[in-house]
Protein chains: 2
Amino acid sequence: MLTIGKLGQATGTKVPTIRYYEQVGLLPRPERSSGNQRLYGRAAQGRLAFIRHARELGFPLDAIRELLSLQDRPDQPCAAADLIARRQLAAVEARLARLRSLKGELERMVAQCAHGTVADCRVIETLADHGLCEGAHEVAPAATGGVALS
Amino acid sequence: MLTIGKLGQATGTKVPTIRYYEQVGLLPRPERSSGNQRLYGRAAQGRLAFIRHARELGFPLDAIRELLSLQDRPDQPCAAADLIARRQLAAVEARLARLRSLKGELERMVAQCAHGTVADCRVIETLADHGLCEGAHEVAPAATGGVALS
DNA sequence: CTTGAACCTCTAGCTGCTAGAGACATTAGG
DNA sequence: CCTAATGTCTCTAGCAGCTAGAGGTTCAAG
């Protein structure tokens, strides 16, 4: 049986984060010691590792909730899990495409900076006048799902 | 003179977002009509376009605040602006690297799914056991600065 | 003059945590 | 056995960057 601190160390999770996962229903309420402290067994450790790994892959908590409930019913077809993963992959790909174009524009901006005064700084100028950039980022896609991805 | 709605249309910004920018001090308080409605001139429109463009490039509001104050003093050296842009570029590059490795792992996961039952689904299994993936994302870097980047 | 859209202020909510206050539990050392 | 240091408890509030809603005023068209 692990205390919350040990569990945190074992899974690379901060203590308040574990309590947060419990609060939002991703982790079940654990047993308590005589002094009311949380005690975790192997099952909880596995579940938390699962959550952390999925988070590292950028899955939002809602998707993780679904994946966990799938894991609990092993005889169901895994099409649902597959779909969730594919959706996440699509989100990551969209994000990548956008970031690549941003990187291009930022590189052009800093490359053109002549290190003079602000008055003729290309960085400021480019920001002020969208026409100066090559329109690489036309309209923000927005609403990609609110995934953090650090 | 534009009303807030027209300004929003002109710059592709939602009305509450404009009010929000005013509230956090990115936009100055505009004149008001006799009926207390906001009225914006050319200067405000330019400033808002600057902000939106910088946001599309992923600059956080704090960086934009700095860039705006630089823009207001055109005879200063532009090294500061350059530095902000370079920092943003570095953040974007870090994020790109991470996203690329996530994409790789997600692709592997999805490719291995045999479309059977959850019991032997590689998607679930990979998530449950970090040892199964190729360790492409070892430890989350965290604290990259809280930049959103859509 | 009436209707409907656009505007006003204010508050609360979103994601995924993180930080702090103030109080109890546990543990290692002397 | 006692004490000091650390760990844990609950609860509330805060972060970015908006977004949505309530409940009320103002404006422009017909």
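Reminder, nothing fancy here: chain letters follow the sequence lines and each chain counts from 1. None of these values were measured; they are calculated from a predicted model.
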If I take atom [atom1] in residue [X] and atom [atom2] in nucleotide [N], what distance separates them, rounded to the nearest angstrom?
{"X": "B/Ile64", "N": "D/dC18", "atom1": "CD1", "atom2": "C1'", "answer": "13 Å"}
{"X": "B/Lys6", "N": "C/dC7", "atom1": "NZ", "atom2": "C1'", "answer": "12 Å"}
{"X": "A/Phe59", "N": "C/dG16", "atom1": "CZ", "atom2": "P", "answer": "13 Å"}
{"X": "A/Leu48", "N": "C/dC17", "atom1": "CG", "atom2": "P", "answer": "11 Å"}
{"X": "A/Gln9", "N": "D/dT6", "atom1": "CD", "atom2": "P", "answer": "15 Å"}
{"X": "A/Leu2", "N": "D/dT8", "atom1": "CG", "atom2": "P", "answer": "11 Å"}

Side-chain contact test, heavy atoms from C-beta onward, threshold under 4.5 Å: evaluate it for A/Leu57 versus B/Glu105 and give yes or no.
->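 Yes, at least one pair of side-chain atoms sits under 4.5 Å.
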
Contact check, side chains of A/Ile51 and A/Leu27, non-hydrogen atoms, under 4.5 Å |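 With C-beta onward as the side chain, the pair touches.
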
Mark yes or no for whether A/Gln88, through its side chain, and A/Gly58, through its backbone, hold a donor-acceptor pair below 3.5 Å.
->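 Yes; at least one donor-acceptor contact below 3.5 Å.
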
Taking every non-hydrogen atom, the tightest pair across A/Gln45 and A/Ala10 =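 Looking at all heavy atoms of both residues, the closest pair is NE2-CB, 3.8 Å.
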
Indicate yes or no: does A/Glu125 engage A/Arg122 in a salt bridge with an N to O separation below 4.0 Å.
->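 A/Arg122 and A/Glu125: salt-bridged.
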
Can you tell me if B/Arg52 and B/Tyr21 form a side-chain donor-acceptor pair at under 3.5 Å?
->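 There is such a pair (donor and acceptor under 3.5 Å, judged by atom type) between the side chains of B/Arg52 and B/Tyr21.
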
For DNA chain C, what residues of residues 11-40 of chain A have any heavy atom nearer than 4.0 Å?
->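 A/Lys14, A/Thr17, A/Tyr20, A/Tyr21, A/Ser33, A/Ser34, A/Gly35, A/Gln37, in order of number.
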
